[in-house]
Structure formats: C-alpha cells, structure tokens
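Labels below follow one simple rule: chain letters A, B, ... track the order of the sequence lines, proteins then strands, and each chain is numbered from 1. None of these values were measured; they are calculated from a predicted model.
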Amino acid sequence: MSAEALPKTYDPAGTEDRWQRLWEEAGAFHPDPEAPGEPFSVVIPPPNVTGSLHMGHAFNTALIDTIVRFQRLRGRNVLCLPGTDHASIAVQTILEKKIQAEGGSKHDLGRDAFLERAWAWKAESGGTIVGQLRRLGYSVDWGRERFTLDAQLNRAVVEAFVRLHEQGLIHRGEYLVNWCPASGSAVSDLEVEMKEMDGHLWHFRYPLSDGPGPDGIDHLVVATTRPETMLGDTGVAVHPGDARYAQLVGKTLDLPLVGRKIPIVADEHVDPAFGTGCVKVTPAHDPNDFAIGSRHGLPLITVMARNGSMNEAAGRFAGLDRFEARKAVVAAMEAEGFLVKVEPHRHSVPISDRGKVPVEPLLSTQWFVKAEPLAARCREALEAGEPRFVPERWSKVYRDWLTGIRDWCISRQLWWGHRIPAWFVVSETSGVITDATPYVVARDEAEARAKAEAQFGAASEAAGRALQLEQDPDVLDTWFSSGLWPFSTLGWPEESNADLATWYPTSVLVTGFDIIFFWVARMTMMAGAFTGRMPFRDVYIHGLVRDENNRKMSKSAGNGIDPLLLIERYGADALRFALVREVAGAGQDIRLDYDRKSDTSATVESSRNFANKLWNATRFALMNLGGATPASLGEPDPESLQLADRWILSRLARVNRETAERYGSYGLGEAAKGLYEFAWNEVCDWYVELIKRRLNPGDTASPEALADQRTARQVLAKVLGELLVMLHPLMPHLSEELWHGLTGEPEGTFLALQPWPAVDAAALDDALEARFAELIEAIRVVRNLRAVAGLKPSQGAPVVFVSGRAGLAAVLRQATAEISALTRAESVQVLDPEAAAARAGERCLAGVSGELQVLLPLEGLVDLEALRGRLAKDLAKAEKEIAGLAGRLANPNFAGKAPPEVVAECKANLAEAEAQAELARKRLAELG
RNA sequence: GCGCGAUUAGCUCAGCGGUAGAGCGCCUGCCUUACAAGCAGGAUGUCGCUGGUUCGAACCCGGCAUCGCGCACCA
C-alpha cells in the first residue's frame with residue numbers, strides 16, 4: 001500500500017467488513033485442539049434470541065474479545081466459542097403476544113405449530129444477533145457456534161437430568177411455587193422481583209364460633225393485603241406468648257363469607273406487636289402461612305386457578321379474576337359487617353420478571369433440583385480459590401447465595417425449551433397424568449419403555465392392559481441448559497471429545513454481576529456435579545452499561561442504544577475502544593455518553609478520533625519510509641541511535657511490559673488508556689515531530705545524514721509496528737489494516753496471529769526518560785513564553801537556556817536542531833550561569849522550569865506588561881510552593897520521622913523553588 | 001433489617017499515603033506539506049461532611065449524609 005492510496009481520514013466501514021470476511025474465510029479463529037500452544041478458552045455468555053443485541057452485549061463482547069485476542073498474540077491456542085440461548089419464557093412471551101395480535105392463541109395453534117414458529121423466530125433473531133456479533137469484530141470460532149437447543153446440547157441436558165435424578169438430586173413433588181399467571185408457568189425464586197408498592201391493609205373481623213367467652217371477646221381482627229385469599233383461610237395464628245389471646249388458642253372462628261370453622265393456633269412466627277397480633281393463615285397461598293399450616297396440620301385449600309382467576313373453592317367468587325375478586329370480597333365483607341377498617345399500606349409485592357404481573361404462590365406439582373449438595377461442593381471449591389473472582393468482592397455475593405440455598409424449581413409449563421425426559425406410565429392412572437401417576441426418567445422413549453416394562457410390565461399384563469407412556473409435557477428452566485454451557489458446548493457428555501480435553505475447564509468467564517446467581521452459580525453447580533471441577537479458572541465480573549440518566553440500559557425500559565448505530569457512525573473499533581476505556585475501574589458500571597437527538601456520543605467520537613490519529617501516524621510513516629518496511633529496514637544499530645530514538649525505544653519497552661501485564665490481569669481500561677497516551681502524547685506529539693528533520697535530510701544530504709535518516713526510519717517503523725500489535729486486541733480492524741500497510745504483508749497473513757513483540761529490556765533507561773522529560777518541559781516553556789509575548793507562529797526568535805546542570809545542558813545542546821524546529825527558534829544557546837551573568841540586564845522574556853532558566857532576548861519586541869505578568873505568575877507559584885515546603889520542613893517531626901529520601905527530596909524542591917523565586921524577583925527588578 | 005458500591009474540574013471518570021489527573025467541553029492563537037476527527041498555549045477543584053491514625057490523608061480507620069444496587073422481609 002502506498003501513502004498516496006491512503007485518504008486523509010480513516011473510513012472504518014469498508015475496512016472492518018473486509019477484515020471480518022478475510023479472517024473468517026481463512027479460518028483464523030478456528031483452532032485445532034491438537035495445535036501447539038497452551039490452551040486458552042472462553043465460552044461467550046450466549047445472548048437470548050429475543051431480538052437484537054444491546055449495548056450491554058457490545059460491552060461484554062469488547063471485553064472478551066480484547067482478552068482472547070491478546071491471548072492469541074501471546075501464542076496461546078485460543079478457543080472463543082459463540083452461541084445463543086433459547087430463552088424459553090422470554091421467547092414464548094414474545095411469540096404469544098404476536099399470535100395474540102393476529103387474533104389467535106397458542107392453544108389454537110397447537111404445540112407443534114407453535115414450535116415451528118418458535119424455530120422460525122430463532123432463525124431470524126439468532127441471525128440478527130450473529131450478524132451483530134460479527135459486526136463487532138468478535139474473534140470467535142463460528143465453526144463451533146452453538147445454540148442451547150441444538151441436538152448435541154439437548155443430549156447433554158437429558159443426560160444431566162437423568163444423572164441428577166439417579167443421584168436423588170431431582171425430585172417431583174407438590175409445593176408452593178411462584179406462579180406467573182401471565183406466562184402460565186411456574187418460575188424460580190430468582191425470576192421474582194420484590195417491588196415496593198402502595199397497597200392497603202384491610203382489617204377483618206372473624207367471629208368466634210362459640211360466641212363471647214368469659215372475657216367478653218367474641219371475635220378476632222386480622223389484617224391482610226390480599227383479601228381474596230381469605231377464602232382459603234384454614235386458621236388464625238397468634239403468638240404463643242401473647243396473653244391477650246392465650247385462652248383462645250384451640251378455639252375456632254367462623255370464617256366469614258365461607259362459613260368454615262377454622263382453628264386459632266399459637267405460632268412463634270407471629271409478631272404480637274404488629275397490627276392486632278392475629279394472622280389469618282392461608283397455607284395454599286402464602287409461603288409463611290404454608291409453614292405455619294404444616295406445623296399445625298392445617299388443611300390446604302387452593303382457591304385460585306392457574307390463570308389467576310378464582311376457582312370453584314372460592315364459592316360465589318369463582319370465575320372472578322384475582323383482582324376483581326379482591327374488590328368483591330372487600331365489598332361483601334363490608335356489606336356483611338366484617339370490615340373493620342382499611343389503611344393505606346406500602347409493602348413489597350412479588351412481581352414476575354417476565355410476565356410483569358404479581359406472582360401468585362400456588363400449590364403445584366413441579367420438578368425440583370436439590371441444590372444444597374451441589375452448592376456445598378461449590379462452597380468448598382471457593383474456599384480453595386476456585387473460581388477466582390475479579391474483582392474479588394463478588395466472591396462474597398456468590399458464596400452468600402450458595403449458603404442457605406433453596407431448592408430450584410426447574411419445570412416450566414411452556415412449550416419452547418428442553419422437554420423434561422420423564423415419561424408417565426399413564427396406563428396406571430386411566431390414561432391421564434395425575435400427581436399419583438408413576439413415571440420413569442430416561443434418555444429417550446425406548447429407554448423409558450424398557451424401564452417401564454421392567455417396573456410395571458408384569459402388573460399391566462396381569463391387569464390385562466397395555467403399557468401406555470406419555471412424556472411430561474413441560475420443559476426445563478432455560479438456566480438448566482445454560483448451566484451446562486461451558487462443557488455441553490465442548491462435547492460433553494462425550495468425555496473423549498478432543499475439544500473438551502483441550503479446552504475444559506475454560507480459562508475465564510466474563511459476564512455482568514446481574515447474573516451471578518442465575519448463571520455463574522448454576523454453571524459451577526452443574527460443572528461440579530458432572531465434571532468434578534469448576535468450569536472456569538477466573539470469573540471476570542463487569543458492570544452494566546447505564547444510559548445518560550444513569551439508568552440500566554435494557555430493552556424493557558426502552559432506553560437501549562443500538563450498538564449498530566454507533567458502529568455505523570464511528571466504526572466498531574471506536575465503539576470497542578470507548579467501551580473498554582471506560583472500564584478502567586474494574587467492576588464499575590459504565591455510563592455511555594449519548595445524545596439521543598443526534599445519535600452521537602462524544603466518548604465514542606473521541607475514540608474515533610484516536611483511530612484517525614493512528615491512521616495518520618501510519619500515513620506519515622508510509623510517506624517517509626521510502627517504500628521500506630520494518631522487516632526490510634531491520635533493527636536499528638544501537639550505536640547510531642540518537643537521544644530521541646533511545647527515549648522512544650525505552651518508552652516502547654516500558655509500555656509493552658505494562659500493557660501485557662494489564663491485558664493479562666483484566667486491567668483492560670488501564671491498558672487502553674496507557675496505549676492511547678503513548679501513541680498520541682509520546683509517539684505522535686514528540687517522537688514524530690522530533691524526527692521530521694532527520695527523515696528529510698534534503699537533496700544534498702551527507703552520508704552521515706542519510707545514515708541517520710535510516711536510523712530514524714528504523715526506529716519509527718519498529719515503534720509503529722509494535723504499537724499496532726499492542727493495539728490490536730482493542731482495535732482489531734484498524735490495526736490489521738495499518739499493519740498490512742506498514743509491513744506490506746499479503747492478505748492471507750494476519751496481525752491477529754502474529755506474536756506479541758518481545759520486550760527489549762536493554763532499551764529501558766529511567767535516567768534517560770527523566771532527562772527527556774526535562775527537554776520536553778524546556779520546549780514547553782519556550783512555547784509558553786512565545787504565546788505570552790504574543791509572537792506570531794511564523795516569527796522567529798532566539799532562545800537562550802541557562803542551566804547549571806551539566807546533564808541537562810548536554811541534552812539541550814544535543815537537541816538544538818530539534819528545539820529550533822519545535823519552537824521556531826532562530827538560534828539556540830545553552831549557557832552556564834556564569835556565562836549568563838555576563839549578559840544580565842539584557843531585556844528578555846524569562847521563564848523558569850526547575851533550575852532551568854529560559855530566556856528569549858527580544859529587544860524591542862517584548863510586551864513589557866506580558867513579561868511582568870508572566871514573571872509575577874512564576875513568582876507567585878514559587879512562593880506558594882516555598883510556603884508549603886518550608887512549613888513541612890519546619891515541623892521537627894517531619895525531619896525526624898519521614899523517610900530520609902522524602903526529606904531530601906523536599907529540601908531539594910525547596911532550594912529549587914527558592915532559586916526560582918529569586919530569579920523571578922531579579923528579573924522583575926531589572927524591568928523596573 | 002443485613003450487605004455491597006459510589007460521592008474528585010461544567011460533564012464522564014482515573015488516581016488509593018508524599019505538593020491534585022485524563023477525555024470531552026471552555027478560552028486564546030494557528031489550515032506549520034501525517035492528521036482542523038488536527039496543532040500550540042491557557043483557565044478550571046477547601047477530592048460529600050465529620051472525627052481519628054500518621055511527620056504527612058483524596059487515598060487508611062470510625063461515624064454521618066446523599067445516590068445506586070443486591071439479599072431478606074410482618075400479615
């Protein structure tokens with residue numbers, strides 16, 4: 001690529017598409033398990049096929065891809081495995097809405113037709129998502145793409161279910177579950193969100209069956225937030241120590257509206273100080289009441305149907321929706337004189353995450369995973385440091401959840417998902433599934449039949465009926481299959497699978513803190529049970545992307561930003577870089593700056609500008625390397641390096657070391673910031689500017705000048721080449737493009753697969769970096785003086801440096817040509833203080849930096865006012881410093897207790913500040 | 001109620017024991033043949049409040065306040 005071929009600004013669109021295509025066509029990210037290199041593996045958190053990606057996915061993707069690209073450059077045998085999740089309940093909700101909008105229902109459609117639509121939806125949504133992931137430049141292995149409902153993954157799910165069942169860790173039973181009437185399914189505890197809402201506390205009078213006792217009490221008052229449940233009351237509880245009611249325990253009440261006699265029981269759970277100290281007990285509709293009921297043998301009466309309406313047990317209220325029934329019950333209680341009072345009451349209401357309606361605790365027969373034994377294994381592993389959480393504090397959140405874990409309800413009354421591998425022997429219960437129907441759990445129907453034959457065959461035959469099986473119609477919680485993701489995707493349960501052998505356990509899981517319980521913990525529990533090891537060494541937990549108002553970006557809140565919009569505007573690399581750069585303080589949420597009116601983001605724009613800066617730095621190099629490449633130029637000869645060369649090579653080595661360290665320890669934001677500063681503020685602002693003269697020695701250049709030109713070219717090529725490698729994990733497309741431009745490598749060779757450059761430890765030079773910083777500062781002072789004096793940029797001026805330090809003076813003398821170029825100096829003189837004294841009285845612009853004086857003798861050109869202002873400012877600054885430092889040194893404790901080097905530094909700084917103040921005073925006096 | 005996090009320049013955030021930083025924005029001057037998506041220069045902060053530890057605190061410890069999040073919840 002020639003420099004002329006490069007336009008002045010970088011246009012990401014074509015470049016990014018092209019490299020994505022070339023990488024994929026070449027199978028650049030399709031690793032071989034047998035290939036050399038220490039294995040490094042990541043399975044991506046599979047996005048739900050619920051539409052399209054949001055910024056949170058882009059963020060997660062940027063982090064993962066940065067990590068895996070870095071590891072690839074480090075020579076690891078990297079597998080990054082992509083895929084998508086079927087998301088039973090979310091997808092089913094979307095589809096049902098669509099079908100409803102068309103005027104139908106899923107039941108009209110039937111199971112098979114519904115599933116056909118679901119698969120069609122999956123194809124569409126999954127395709128969109130995969131396209132978006134590609135568009136981000138994700139270096140995943142598309143050849144190993146998985147979907148949680150793939151046949152192979154289904155095999156894993158079935159196997160896992162069967163084995164857990166065999167181990168007695170899965171059971172079926174009737175319990176109070178969280179019922180979501182909107183979805184028509186049970187949901188797990190985690191899928192319920194407690195939401196503070198304004199409600200009411202209704203106080204009801206329940207009369208004693210036997211009329212007033214000796215103390216005149218003829219009723220109890222109970223309070224409730226859910227009046228409709230009173231229809232299912234089977235008792236009233238009081239605290240055993242509550243003297244008010246002690247003599248009533250054991251008596252019965254007449255339940256209003258229903259007429260049932262319900263007992264008064266004593267139970268510790270009741271808080272005597274709350275309300276009247278009497279609690280109505282509805283065991284079939286409230287978890288606490290369920291517990292009380294089971295302690296006292298109270299019957300369970302379910303008064304609600306699964307669609308959220310009242311059932312026949314609700315008597316005259318049957319058929320009413322639960323909220324209608326609430327009103328009706330209150331009205332009836334009031335009409336019959338049982339309503340004592342109504343109070344406004346703020347309380348927490350359990351809301352179904354997916355259905356967005358209050359969940360109903362409902363008695364129902366479901367499948368459960370006994371979580372404690374699985375969790376115990378995870379807790380032990382955590383004690384041993386597995387997995388390692390980054391940041392560490394999340395391990396506590398994880399451990400706390402695993403401690404005191406409750407059983408996990410895994411069955412869902414849905415169609416889209418992994419069907420439960422249990423077959424009911426319906427021939428035992430007249431052809432229908434009841435709670436009493438026996439069942440077998442098996443890998444497939446044939447195995448089920450064999451098992452059923454063995455258990456029930458003889459009896460069936462004896463009874464003269466054919467053995468009839470029916471598979472459980474329900475599906476499994478999506479997270480059951482997601483829990484297997486790190487190994488089901490690699491071929492489990494086929495233990496001999498090469499992928500599994502090479503890449504399991506995976507190296508790191510990268511995900512947001514919001515799914516530590518849902519997903520991370522489920523994966524560790526499943527992995528512990530089936531593979532005997534934790535599924536990943538590290539868990540890197542990142543924050544959430546929040547919008548400009550600090551709200552979590554989410555589809556349901558409607559505040560999401562489409563990553564594609566930003567990619568189209570600024571490029572994928574710019575978006576990635578912006579997201580990673582924002583993550584510097586690991587684990588913190590990031591707020592993406594965004595203007596919804598114009599669809600612009602200043603943050604992403606600045607990353608785009610950075611991309612453009614790199615583009616132009618490379619363009620500059622191509623214009624000045626004379627057609628050579630880093631390879632053809634070769635390594636520079638250490639003997640011929642100039643000061644600036646040695647400086648930038650020292651910086652390069654240091655940045656290389658730091659960056660590798662940061663990439664390797666999840667310091668991704670720091671890595672991004674460090675590279676940004678190095679590339680822009682050191683390479684572009686200083687090094688490139690400093691070598692321009694050497695790169696253009698002119699037509700009549702001496703052999704020495706030509707040799708020096710070659711050195712400058714070598715160093716520039718090396719620095720730029722390495723910089724591009726280091727930037728590659730963050731800005732893969734741009735770096736790939738520029739690297740090809742710089743090296744002239746053919747399209748089939750990829751920067752993505754190059755080795756990370758070795759750190760040239762010999763180039764590291766602290767002292768030189770320090771001296772160079774002083775040179776930079778000296779140039780800054782000159783520029784500042786010129787600006788203060790109001791000199792036109794084109795106007796030349798002589799520059800005089802006065803320094804008593806030989807080292808600095810030598811550096812300045814060495815760099816006079818560069819200084820001239822960077823400051824428009826007509827001449828550069830470096831004097832020692834004695835020589836300068838001889839020139840005292842000359843009218844100059846004067847500035848001070850450390851012990852260095854910078855003079856611009858500008859007889860006749862000087863703006864006296866500006867000069868005084870500048871000196872006064874220097875003086876004030878120096879005096880402020882003196883006050884601070886002197887104050888510290890005056891404290892006897894400081895000298896006595898602070899480390900000697902700190903004291904020495906303080907003294908040196910004081911001396912310097914005093915010298916500075918003195919110089920400024922003298923100059924001011926000279927001006928009169 | 002228990003726990004976690006945040007509070008630093010107008011905005012978004014770094015810094016986590018030795019005299020306050022970046023990006024964006026702002027002010028001044030520049031189309032200096034890599035880049036105006038740029039260059040040079042500049043201004044801007046009692047580092048939430050309050051005690052303490054320390055020679056020294058934005059940084060460590062104790063309170064408090066505000067905001068956010070998680071977990072558990074009394075009908």
Quick one: look up who [N] pairs with, Watson-Crick or G-U, both distances under 3.5 Å, and put none if it's unpaired.
{"N": "B:rA40", "value": "B:rU28"}
{"N": "B:rA22", "value": "B:rU12"}
{"N": "B:rC35", "value": "none"}
{"N": "B:rG51", "value": "B:rC61"}
{"N": "B:rC2", "value": "B:rG70"}

Would one find a side-chain N or O of [X] under 4.0 angstrom from OP1 or OP2 of [N]?
{"X": "A:H345", "N": "B:rA75", "result": "yes"}
{"X": "A:R546", "N": "B:rG5", "result": "no"}
{"X": "A:K877", "N": "B:rU19", "result": "no"}
{"X": "A:N609", "N": "B:rG38", "result": "yes"}
{"X": "A:W394", "N": "B:rG3", "result": "no"}
{"X": "A:K613", "N": "B:rC39", "result": "yes"}

Tell me what [X] touches on the nucleic acid: a base, only sugar-phosphate, or nothing, going by heavy atoms under 4.0 Å.
{"X": "A:R581", "answer": "sugar-phosphate"}
{"X": "A:K673", "answer": "sugar-phosphate"}
{"X": "A:K792", "answer": "nothing"}
{"X": "A:V281", "answer": "nothing"}
{"X": "A:W202", "answer": "nothing"}

Less than 3.5 Å between a donor and an acceptor, one on the side chain of [X] and one on the base of [N], is that the case here?
{"X": "A:S606", "N": "B:rC24", "result": "no"}
{"X": "A:E689", "N": "B:rA34", "result": "yes"}
{"X": "A:R783", "N": "B:rA40", "result": "no"}

Nearest-nucleotide 5' precedence on RNA chain B, A:V349 against A:E881: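 Comparing both residues, the 5'-ward one is A:E881.
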Considering heavy-atom distances to RNA chain B, does A:K873 or A:T9 have its closest nucleotide positioned more toward the 5' end?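 Taking each residue's closest nucleotide, the earlier one in sequence belongs to A:T9.
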query: Charged N to carboxylate O under 4.0 angstrom, A:K597 versus A:D595?
result: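 No, no charged N to carboxylate O under 4.0 Å.
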Nearest-nucleotide pick for [X], side chain only, options being [options]:
{"X": "A:N616", "options": "B:rC73, B:rC35, B:rG5", "value": "B:rC35"}
{"X": "A:D685", "options": "B:rC69, B:rA40, B:rA34", "value": "B:rA40"}
{"X": "A:R619", "options": "B:rA34, B:rG3, B:rC73", "value": "B:rA34"}
{"X": "A:K8", "options": "B:rA75, B:rA36, B:rC24", "value": "B:rA36"}

Tabulate protein N/O versus nucleotide N/O from nucleotides 6-12 of chain B, keeping only pairs under 3.5 Å, one per line.
| from | atom 1 | to | atom 2 | distance (Å) |
| --- | --- | --- | --- | --- |
| B:rU12 | OP1 | A:R591 | NH1 | 3.2 |

>> Students often mix this up, so state it plainly: with edges at 30° and 60°, are the rings of A:Y206 and A:F204 parallel, tilted or perpendicular?
In response: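 Rings of A:Y206 and A:F204: parallel, under 30°.
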Is it true that A:W394 and A:F389 have ring centroids separated by less than 6.0 Å?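 Ring centroids of A:W394 and A:F389 are no less than 6.0 Å from each other.
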Query raised in the report: Does some side-chain heavy atom of A:L566 sit less than 4.5 Å from a side-chain heavy atom of A:L592?
Result: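 Side-chain contact under 4.5 Å: yes.
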- Are A:H296 and A:D267 close enough that some pair of their side-chain heavy atoms sits under 4.5 Å apart?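 They are in side-chain contact.
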Between protein and nucleotides 51-55 of chain B, what N or O pairs are separated by less than 3.5 Å?
| from | atom 1 | to | atom 2 | distance (Å) |
| --- | --- | --- | --- | --- |
| B:rC55 | OP1 | A:K897 | NZ | 2.7 |
| B:rC55 | O4' | A:N893 | O | 3.3 |
| B:rC55 | O2' | A:N891 | ND2 | 2.9 |

#### Entry: Rounded distance in Å between the C1' positions of B:rU44 and B:rC61
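To the nearest whole Å, 33 Å.
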